[in-house]
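Reading through the structure tokens given below for one structure.
These values consider heavy atoms only, across backbone and side chains, with no hydrogens, waters or symmetry-generated copies. Worth saying up front: this structure is predicted, and the values here are computed from it rather than measured.
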Amino acid sequence: MTMTSAADEVTAMEIREASPAHFLIKIDSFCLLEKCGIDKYETKEFAAGGYKWKLIIYPNGDNNIGKDSSDYVSVHLAMRDTSSLPANWEVNVVFSIFLFNQISANYLSSLGITRRFLEMKSQWGLSKFISKKILLDPSNGYLVDDKCVFGAEVFVVARETVTECLYLKNVDIPYKHDFKISNFSKLQAAWESEKFTAGDQDWNICLYPKGNGKGAGRYVSIFLQCIEPKNTVKACFTIWVKNQISDRHNKGTGTRWFSGSTSSWGWISFIELTTINDPKKGFIVNDSFLLDIEISVLAVSQ
């Protein structure tokens, strides 16, 4: 058994100049439908979005909805030839029903209605598309010389949905790692740490001993790098340049999203070269430079 269902009882409408893209039906002698005992008229098939459809027009309302629809014209959209579709098929559709105004030469149209057509529900419609009182009044322009024109547009929604899942992590103990850079004065290009794993993701630290970008020649630049990110990762991290003769360490803290397009975050001007090169400051001792990191992965978006 095929189930049918009406769309919302209160239908939002608009006036449109353009004619419907997919189907038009002209009915001569509309008022004779009732006299001829035609309570339901099914139109011929039309194609839209790779499927076949038809309109079902109830000139005295759809009795399956209720007696209160008898003062309205009901119009439904139904799928045809569904037997060839695979089991458990579904088709998502945005459709509109139209009625031509023969005086103003435009269309009364239901705003796009989104519905899911299924094997057990292959028909959707508007039980109160237009009141018979408005339709039968020739001055409104919808029924002139007992002629009217209905129409339909049907747009199938392609199933190209991108799904995403956000995992939040309750991190009580952050990952910590310390590094010792020997022969610091001999470094020329960037120094990269060994990789380490935090939050199921590989990381490393990239340090420019003579600065990078706008910090070149004035600062040490330091960046945290997410190595070949599997997903989009949000991390909170702190990097210390350790003072080896006092507790006056230099640190930077950040919370950032890392992804394939933005896999590195850090500081161009982490610490001045004049500061670390001053033996009295204690950042370089025996040409060794100490670096610590603490990192917590807070969220992963897949």
Side-chain angles (χ1 to χ4, degrees), residues 162 164-302:
V162 176
E164 178 178 349
C165 186
L166 177 64
Y167 298 94
L168 301 178
K169 296 179 176 287
N170 186 10
V171 180
D172 294 323
I173 303 175
Y175 175 86
K176 298 180 180 180
H177 200 103
D178 58 273
F179 301 94
K180 179 178 180 180
I181 306 175
S182 301
N183 301 315
F184 187 82
S185 63
K186 297 180 181 179
L187 295 178
Q188 297 298 321
W191 170 89
E192 290 194 358
S193 74
E194 64 188 43
K195 72 178 182 180
F196 54 92
T197 302
D200 297 323
Q201 178 62 56
D202 291 335
W203 309 82
N204 72 356
I205 295 174
C206 182
L207 179 146
Y208 294 86
K210 294 179 172 54
N212 177 256
K214 294 182 179 180
R218 296 182 56 199
Y219 297 93
V220 172
S221 303
I222 302 178
F223 299 90
L224 173 64
Q225 298 183 142
C226 190
I227 302 173
E228 298 180 357
K230 306 169 187 174
N231 305 292
T232 301
V233 178
K234 187 173 187 179
C236 175
F237 57 97
T238 300
I239 295 176
W240 287 268
V241 169
K242 301 301 292 287
N243 191 309
Q244 300 178 56
I245 62 174
S246 73
D247 59 359
R248 300 179 64 180
H249 311 301
N250 193 295
K251 75 173 183 177
T253 298
T255 301
R256 294 289 187 269
W257 283 98
F258 294 80
S259 65
S261 59
T262 309
S263 60
S264 177
W265 283 100
W267 297 266
I268 290 176
S269 53
F270 192 93
I271 187 171
E272 290 185 349
L273 289 174
T274 54
T275 299
I276 67 165
N277 289 328
D278 185 346
K280 297 179 180 179
K281 300 293 185 180
F283 290 103
I284 297 178
V285 175
N286 296 326
D287 207 18
S288 294
F289 187 88
L290 302 182
L291 198 64
D292 288 1
I293 184 170
E294 182 177 287
I295 179 172
S296 298
V297 173
L298 306 178
V300 178
S301 177
Q302 295 180 338

Just distance, no hydrogens or angles: give the donor-acceptor pairs under 3.5 Å from side chains in residues 205-213, sequence neighbours left out.
residue	atom	partner	partner atom	Å
Lys210	NZ	Leu187	O	3.1

Mind checking the [atom1]-[atom2] spacing from [X] to [Y]? Nearest 0.5 Å is all I need.
X      : Y      : atom1 : atom2 : result
Leu291 : Ser193 : CG    : OG    : 8.0 Å
Lys195 : Gln225 : NZ    : CD    : 13.5 Å
Phe196 : Asn204 : CZ    : CG    : 7.0 Å
Phe184 : Trp191 : CZ    : CH2   : 9.5 Å
Ile295 : Cys226 : CD1   : SG    : 8.0 Å
Lys230 : Asp202 : NZ    : CG    : 6.0 Å

N-O pairing of Lys176 and Asp292 below 4.0 Å: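 Looking at Asp292 together with Lys176, the answer is no, because their closest N to O distance does not fall below 4.0 Å.
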Thr255, Leu224, Val297, Thr253 screened by side-chain contact (heavy atoms from CB on, under 4.5 Å) with Phe237, the one that passes: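 Looking at Thr255, Leu224, Val297, Thr253, the match for Phe237 under the side-chain contact (heavy atoms from CB on, under 4.5 Å) is Leu224.
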Nearest non-hydrogen partners of Ser301 and Trp257, listed with the distance: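 That closest heavy-atom pairing would be CB-CZ3, 4.5 Å.
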Taking every non-hydrogen atom, the tightest pair across Gln201 and Ile227: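 Nearest pair, atom of Gln201 first, then Ile227: NE2-O, 2.8 Å.
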Within-4.5 Å side-chain heavy-atom neighbours: [X] and [Y]:
X      : Y      : result
Ile222 : Val241 : yes
Ile271 : Phe283 : yes
Trp203 : Ile293 : no
Arg256 : Lys234 : no
Phe258 : Trp265 : yes
Ser263 : Pro229 : yes

With distance as the sole test, does [X] use its side chain to make a donor-acceptor pair with the main-chain N or O of [Y] at under 3.5 Å?
X      : Y      : answer
His249 : Trp240 : no
Thr197 : Asp200 : no
Asn231 : Val233 : no
Ser296 : Leu298 : no
Asn286 : Ser288 : no

Plane angle bin for Tyr175 and His177 - parallel if under 30°, tilted between 30 and 60°, otherwise perpendicular: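 Parallel: the ring planes of His177 and Tyr175 meet at under 30°.
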Audit row: Gln244, Leu290, side chain to side chain contact (heavy atoms under 4.5 Å, CB included) steps and yes/no: CA-CA 8 Å; Gln244 300 178 56; Leu290 302 182; 3.7 Å; yes
Other residues, nucleotides, ligands: >12 heavy atoms within 6.0 Å of Glu164 CD: yes
From CA spacing to verdict: side chain to side chain contact (heavy atoms under 4.5 Å, CB included), Tyr219, Ile268: CA-CA 7 Å; Tyr219 297 93; Ile268 290 176; 5.8 Å; no
Side chain to side chain contact (heavy atoms under 4.5 Å, CB included) evaluation trace for Asn250 with Asn243: CA-CA 7 Å; Asn250 193 295; Asn243 191 309; over 6 Å; no
Step-by-step side chain to side chain contact (heavy atoms under 4.5 Å, CB included) determination, Leu273 to Val220: CA-CA 6 Å; Leu273 289 174; Val220 172; 3.7 Å; yes
